[in-house]
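Okay, so here's the structure we're looking at.
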There are 2 protein chains.
Amino acid sequence: MADPKARPVTLRSIADQLGLHISTVSRVLNGPAEDGARAASGDTAERIRRLAAELGYQPDPHGSGLRTGRSRLIGVLVPRVSDLVLATIYEGIDEAAGERGLTTIAANSLDDDEVRRTRTKMLLARRVDGLIFGDARLDDAFLDRLAADGVRFVLVNRRAGNHPSVTPDDRLGGRLAAEHLLDLGHTDVAVIAGPPFASTGADRTAGFLDHYRDSGIRIPDARVLHSAFDTAGGRAAADTLLRSPDRPTAIFAVNDFAAIGALGAARDHGLRVGADVAIMGYNDTPLAAELPIPLTSVAVPMHEIGRRALELLTRLLAGEQIESERLAPILAPRASTGAGQTGP
Amino acid sequence: MADPKARPVTLRSIADQLGLHISTVSRVLNGPAEDGARAASGDTAERIRRLAAELGYQPDPHGSGLRTGRSRLIGVLVPRVSDLVLATIYEGIDEAAGERGLTTIAANSLDDDEVRRTRTKMLLARRVDGLIFGDARLDDAFLDRLAADGVRFVLVNRRAGNHPSVTPDDRLGGRLAAEHLLDLGHTDVAVIAGPPFASTGADRTAGFLDHYRDSGIRIPDARVLHSAFDTAGGRAAADTLLRSPDRPTAIFAVNDFAAIGALGAARDHGLRVGADVAIMGYNDTPLAAELPIPLTSVAVPMHEIGRRALELLTRLLAGEQIESERLAPILAPRASTGAGQTGP
DNA sequence: TCCCGTTGCCCAAACGTTTGGGCCAAACGT
DNA sequence: ACGTTTGGCCCAAACGTTTGGGCAACGGGA
């Protein structure tokens, strides 16, 4: 890798060693495409490349960043990296970034406005070239302000205003969930809708209600509960729903973790999930299929969403005109709604 | 935040605006402690600070990095950020880093040697000041080599050789698990031990076996199965254990996800977890308590481990002598081993 | 009065890179 | 033989910061 105590290898050390000028080395090592020929003879170029490889030359980002004004750094702000959904999206982002020689910096916003501001400021202080936000709120003054300031960013998972975004088609996902439960005969259903400020929960809920309405069934407002996206939130909401005597026969949680909480609540109430009450989640977290009672869910290509978000951002940074993308979800029926395994 | 179309605010722009020299501004804005007084009069210093704040000056890391040779960047390599355990540790790292004005860069190694090398090289190319590895292997030639090359790093979660590390006291944790199962009367027990190269699994297993041996019970080798740390791995291992007629009465999985897989396998075999068979995990993931059948686990202060790792690294970077730390785990007994809730 | 120590600031170099513009010689066209 | 192109390379400036060393002016002690 690197010699034990060697001085850092720079363009100058390579140039001196070869009796060339530093700029020649720089040109050769940068754009083999157009400038490659102009920069040096094939022979010289070859010698440069060989020595650079041998010494393990890696351009110093401080030097190039200073000169070019670009850092090749991408900031990624998410509610929490320990949230499996966002972590998976982040992996997609990071993977695509790596392929382009970009480095990502992740930070948690905890869905808190104050934290968002300070973390964003830190990322900008690091001179990131662009940002990806995974914590957009439906009415997001902060993002509007940022956009007005000329900061370049795209949104992922959650949409907001008409800032460019890559999200699952949550409206469609909500319809798929409704279709599934309706096919199973559930007409008295409830929704654990997540916090009201997240487009994911809101759109999934809206799609779900749409489908029922289109089928002539109106779901009363009392059947839609807002909650946190986590297990505790889901458990509390499900508990409220199930303790009533006219409890719903099926519950759609807009997030797998909330659904797992609902599973626990159902058990506390002595209900057999899949038989006495149907419960389904959303996102098809790896855990869903592996639970003791496998959880019906709506699969979302999270990794791919992350990749696309980074691609979109690089196109934005390149000055191209870009448009938001919605990726289609797929239903994954399992035992928690009494459905069999997928397959014929 | 930043003016719409303003030129970037630099030391020079501040200095010019105040009719001062750039170096004066730099000194004032850097060390108010010692140099503060030497640098400028109280009055001048005040003017500088006020203008800097007003313009929202943020030092350019490229400039300072170039000059000082330090990037204030910390690289963090983990198997996967989407693994809840490592994600939580990472959050601790990042939190502590933020408090010190450091920025972390996370990367996935997927526990693959080739990926580790390339990702580490990328981080070094970014000129990180130090590294934190969460994917150490018991016999880790790569880390040895890195240390020999003078790269500064600490390990987290997993230990290796005598590189400095911050880990849970896994040996103790294993003993706690054994003690719990033994107290419940289980003498025929099995271990789902995780992959053999991870100190976590190995030490937990060793501690577990130690305690049984100390109590006069020898667990046969066939009762210790290696597996992946994830749900699928746990399910497969548990399936092997439970399909035999002389199946164990209790299973200790060294990781909650493997334990969840085991829960599923138990269900597949028609066994009631907590009654017919006891199953326990490790790490006390937030999920453990929320599962339909709450999972007995061993709680580990993951967030704190992350914080400590970063502190250790900063001390190392400051040239101090440092020593590895082990943090004590706590048993969290729940229904999956037939234990009641915690409490008196 | 002279000297010395502070105070308060400025000067300049250096870190490593990129890039617009040279400049010399060889090759080519007529 | 003479102009023009082109290949192949060098020059130098600039990006923003830190930091060791100045250098005046001023105040105080002898």
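The chains referred to below are lettered A, B, ... by the order of the sequence lines, with proteins before strands, and numbering in each begins at 1.
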field: Protein-nucleotide distance (B:Ile48, atom CD1; C:dC10, atom C1'), rounded to Å
entry: 12 Å

field: Watson-Crick and G-U pairing of DNA chain C written in dot-bracket, each distance under 3.5 angstrom, with | for inter-strand partners
entry: ||||||||||||||||||||||||||||||

field: B:Ser26 side-chain N/O to B:Ile22 backbone N/O, donor-acceptor pair under 3.5 Å
entry: no

- prompt: Is there a donor in the side chain of B:Asp140 and an acceptor in the side chain of B:His163, or the other way round, less than 3.5 Å apart?
  reply: no

- request: Indicate whether the side chain of A:Tyr90 and that of A:Thr104 have a donor and an acceptor atom separated by less than 3.5 Å.
  value: yes

message: We want to know whether B:Thr103 and A:Arg126 form a side-chain donor-acceptor pair, criterion being a heavy-atom distance below 3.5 angstrom.
response: yes

- request: Would you check if B:Leu102 and B:Leu73 make a side-chain contact, meaning some heavy-atom pair closer than 4.5 Å?
  value: no

query: Within this structure, what is the OH-to-C1' distance between B:Tyr57 and D:dT17, rounded to whole angstrom?
result: 7 Å

task: Report the distance from atom CD of A:Gln58 to atom P of C:dT17, rounded to the nearest whole Å.
output: 11 Å

Separation of D:dT17 P from B:Leu66 CG (nearest whole Å): 12 Å

- request: Measure from NE2 on B:His62 to P on C:dG16 and round the result to the nearest Å.
  value: 15 Å

query: Looking just at side-chain N and O atoms, do A:Asn157 and A:Thr167 make a donor-acceptor pair shorter than 3.5 Å?
result: no

query: Just how far, in rounded Å, is P of C:dC15 from CZ of B:Arg70?
result: 16 Å

Protein N or O to nucleotides 9-14 of chain D N or O, pairs below 3.5 Å:
| from | atom 1 | to | atom 2 | distance (Å) |
| --- | --- | --- | --- | --- |
| D:dC9 | OP1 | A:Thr44 | OG1 | 2.9 |
| D:dC9 | OP2 | A:Ser41 | N | 2.5 |
| D:dC9 | OP2 | A:Thr44 | OG1 | 3.3 |
| D:dC9 | N4 | A:Arg38 | NH2 | 3.4 |
| D:dC10 | OP1 | A:His21 | N | 3.3 |
| D:dC10 | OP2 | A:His21 | N | 2.6 |
| D:dC10 | OP2 | A:Thr24 | OG1 | 2.7 |
| D:dC10 | N4 | A:Arg27 | NH2 | 3.1 |
| D:dC11 | N4 | A:Ser23 | OG | 3.1 |

query: Do A:Leu316 and A:Val154 have side chains that get closer than 4.5 Å, going by heavy atoms?
result: yes

- prompt: Would A:Arg119 and A:Glu114 satisfy salt bridge (Lys or Arg N to Asp or Glu O under 4.0 Å), going step by step from the backbone distance to the final call?
  reply: CA-CA 9 Å; A:Arg119 302 301 284 177; A:Glu114 182 60 23; over 6 Å; no

query: Rounded to whole angstrom units, what separation is found between the CG atom of A:Asp43 and the C1' atom of D:dG7?
result: 14 Å

- prompt: To the nearest Å, how far apart are B:Asp60 CG and D:dG16 C1'?
  reply: 6 Å

message: Can you tell whether the side chains of B:Glu304 and B:Arg308 come within less than 4.0 Å, N to carboxylate O?
response: yes

